[in-house]
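Just so you know, these numbers come straight off a predicted model, no measurement behind them.
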Amino acid sequence: MEKRETLLIPALLDRHWPLLRWAFETRTRRVVILDTEVIEAEALGLRVLHNDLCYPFILIAGQVLAALRSGKYDPEHTSVLISQAADACRGSCLIRLLRPVLDREGFDGVRLLSLNTGGIDRAHALGVTPALALRALAAAFWGDALLLLGNQVRPYEKNPGNAERLAEVWIERLSADLRDMRNLSPRGILRRTREMAADFGGVPQVERKVQKVAIVGELYTKYCHLGNWNLAGWLEKQGCEVGINGLSWYALYFMDTHLEHSPWAVRVAGKGLMAWALGFQRKWIAAVREAGFSTLPPFPEVKAQAIPSGCALGCGWLLSAEAAAWVREGHRKVLAAMPFGCLPGHIYARGVYARLQRSLPEGLIVGVDYDASMREGTVENRLRMLLDTEAGGS
């Protein structure tokens, strides 16, 4: 029998990858989500890469090397999935940067697969099948539900750990759905979302005084515990309810800003998918809100709150749009988490900080950088600045 291929996926989406992994699982391919500790990943990445590369890529390279060096995987039957931004971000060059590293380290037999919609590195593109697309769509919305529901229950749970145990139960249940291609219709996705919301709403809670803090910024430092040094967990220990927006808003942002520059076939298919997704997102938001939980407004309403920057590279104008939407939804303190040296982020996203703060006098926006040259004390000082200062200038 032909040996089953192993697909290694570096960490990126803490709440989504346990579900999204099933989009890539097949009869001939098993999926492993990497979860190397940040110090090991950072040290290995810095040993083989120049330190002026973006911090997320240093961690990704370190994770991949740690996995391949472990001896658990046969290099001749192992591939690595690399998500590439397909815009002017250095994240569009990850395969071309990682390939020579693996070759030098003796892993030239390991394949690198590109996941992007821009047609870059076509020789390495991962084939997209209807089953992959269907599973990914359901996993994205279910991952959003787990992210938002958990963040709104954990700070108030009567018995610490209940919400996380419930999330694990639902990850197992939804994984079975994804594996067996069940409940993947729009109606099934919404039904499962309502069931999740009902279960999380039933977790025993107590009233607690908390600060509501939203996290916006670059994908890796917003969604990945490696990229932000477990920022959400740290904030919750300080008595905060953390707001992190769902991945579906980012997907719509990406389609909205990149489709015109995509290949013709991708552009046509993408516009049709976006029209459907905009309508479905409204139904999904309604299902979550009907259960007593909150979300940001639908994508068009969030987009309307952006400070125009003329740029959609990286998190682009989405950073200002989400920050404004969070403040108006009640999370008056906003933390903009970015990798140090991310040029699109620093120039275009953070370039609107002052104007954004002037337009939101009731809020407080603080930026924090993550980089291999920084340590916990520097970052914690920035976080304490946000937590210990009253929003609204008072």
Side-chain angles (χ1 to χ4, degrees), residues 6-21 30-73 75 78-83 91 94 97-98 101-102 104-107 110 112 143 146-147 150-151 154 160-161 164-165 167-168 171 215 217-238 242 244 335 337-342 368-383:
T6 298
L7 178 65
L8 305 179
I9 300 182
L12 172 59
L13 306 164
D14 291 343
R15 267 299 175 231
H16 296 75
W17 269 138
L19 299 177
L20 278 170
R21 67 181 292 273
R30 73 181 182 106
V31 174
V32 176
I33 307 298
L34 302 180
D35 192 20
T36 313
E37 290 297 321
V38 64
I39 297 301
E40 181 184 2
E42 188 178 281
L44 276 174
L46 286 173
R47 195 181 68 75
V48 296
L49 295 170
H50 197 287
N51 65 357
D52 72 351
L53 285 169
C54 66
Y55 188 51
F57 182 54
I58 289 173
L59 293 177
I60 289 169
Q63 276 198 300
V64 172
L65 280 179
L68 295 176
R69 285 176 163 194
S70 70
K72 297 178 181 177
Y73 312 106
T78 299
S79 54
V80 180
L81 184 64
I82 300 295
S83 302
L94 298 190
L97 291 168
L98 188 56
V101 170
L102 296 188
R104 288 197 306 269
E105 294 293 314
F107 299 115
V110 174
L112 296 178
L146 287 171
L147 175 68
N151 284 351
R154 276 193 308 273
E164 201 55 37
R165 284 189 288 272
E168 292 302 318
I171 287 172
I215 301 174
E218 191 268 343
L219 271 176
Y220 203 85
T221 45
K222 180 165 69 170
Y223 291 117
C224 183
H225 69 285
L226 284 181
N228 61 35
W229 305 349
N230 195 25
L231 175 58
W234 187 91
L235 287 170
E236 287 182 355
K237 288 180 180 178
Q238 311 306 309
V242 180
I244 304 174
L335 189 67
M338 299 290 290
F340 179 74
C342 173
V368 61
D369 292 331
Y370 289 92
D371 188 65
S373 65
M374 297 182 188
R375 293 275 64 92
E376 291 83 354
T378 304
V379 170
E380 188 170 327
N381 283 339
R382 299 292 294 176
L383 302 181

Given Asn228 and Trp234, is the side chain to side chain contact (heavy atoms under 4.5 Å, CB included) satisfied, shown in steps?
CA-CA 10 Å; Asn228 61 35; Trp234 187 91; over 6 Å; no

Listed by chain and number, what are the salt bridge (Lys or Arg N to Asp or Glu O under 4.0 Å) partners of Arg15, not counting sequence neighbours?
Glu164

What residues, two or more places apart in sequence or in another chain, satisfy salt bridge (Lys or Arg N to Asp or Glu O under 4.0 Å) together with Arg47?
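In terms of salt bridge (Lys or Arg N to Asp or Glu O under 4.0 Å), with neighbours along the sequence ignored, Arg47 is linked to Glu105.
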
Heavy-atom side-chain contact between [X] and [Y] under 4.5 Å:
X      : Y      : answer
Pro10  : Val64  : yes
Pro75  : Phe107 : yes
Phe340 : Met374 : yes
Val80  : Val110 : yes
Tyr73  : Val32  : yes
Leu112 : Leu81  : no
Leu335 : Leu231 : yes
Leu44  : Arg69  : yes

What are the two closest non-hydrogen atoms of [X] and [Y], and how far apart are they?
X      : Y      : answer
Thr221 : Ala337 : OG1-O, 2.9 Å
Ala61  : Leu98  : CB-CD1, 4.0 Å
Leu226 : Ala11  : CD1-CB, 4.0 Å
Pro18  : Ile171 : CB-CG2, 4.0 Å

Side chain to side chain contact (heavy atoms under 4.5 Å, CB included) between Glu236 and Asn151: does it pass, once the steps are laid out?
CA-CA 9 Å; Glu236 287 182 355; Asn151 284 351; 4.1 Å; yes

Would you please name every residue forming a side-chain contact (heavy atoms from CB on, under 4.5 Å) with Glu37, sequence neighbours left out?
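Listed in chain order: nothing, the list is empty.
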
Those residues at least two apart in sequence (or on a different chain) that pass side-chain contact (heavy atoms from CB on, under 4.5 Å) with Arg382 are Val366, Val368, Met385

Does the side chain of Asp14 pick up a donor-acceptor pair with the side chain of His225 at under 3.5 Å?
yes

Could you grab the distance from atom [atom1] of [X] to atom [atom2] of [Y], nearest 0.5 Å is fine?
X      : Y      : atom1 : atom2 : result
Asp35  : Cys224 : CG    : SG    : 8.0 Å
Leu7   : Thr78  : CG    : OG1   : 9.5 Å
Leu146 : Glu168 : CG    : CD    : 9.5 Å

Once salt bridge (charged side-chain N to carboxylate O under 4.0 Å, His left out) is applied, what residue pairs with a partner in residues 218-229 remain, sequence neighbours excluded?
Lys222-Glu322

Just list the side-chain donor-acceptor pairs under 3.5 Å for residues 51-60, sequence neighbours left out, or say none.
residue	atom	partner	partner atom	Å
Asp52	OD1	His50	ND1	3.0
Tyr55	OH	Glu42	OE1	2.6
Tyr55	OH	Trp229	NE1	3.1

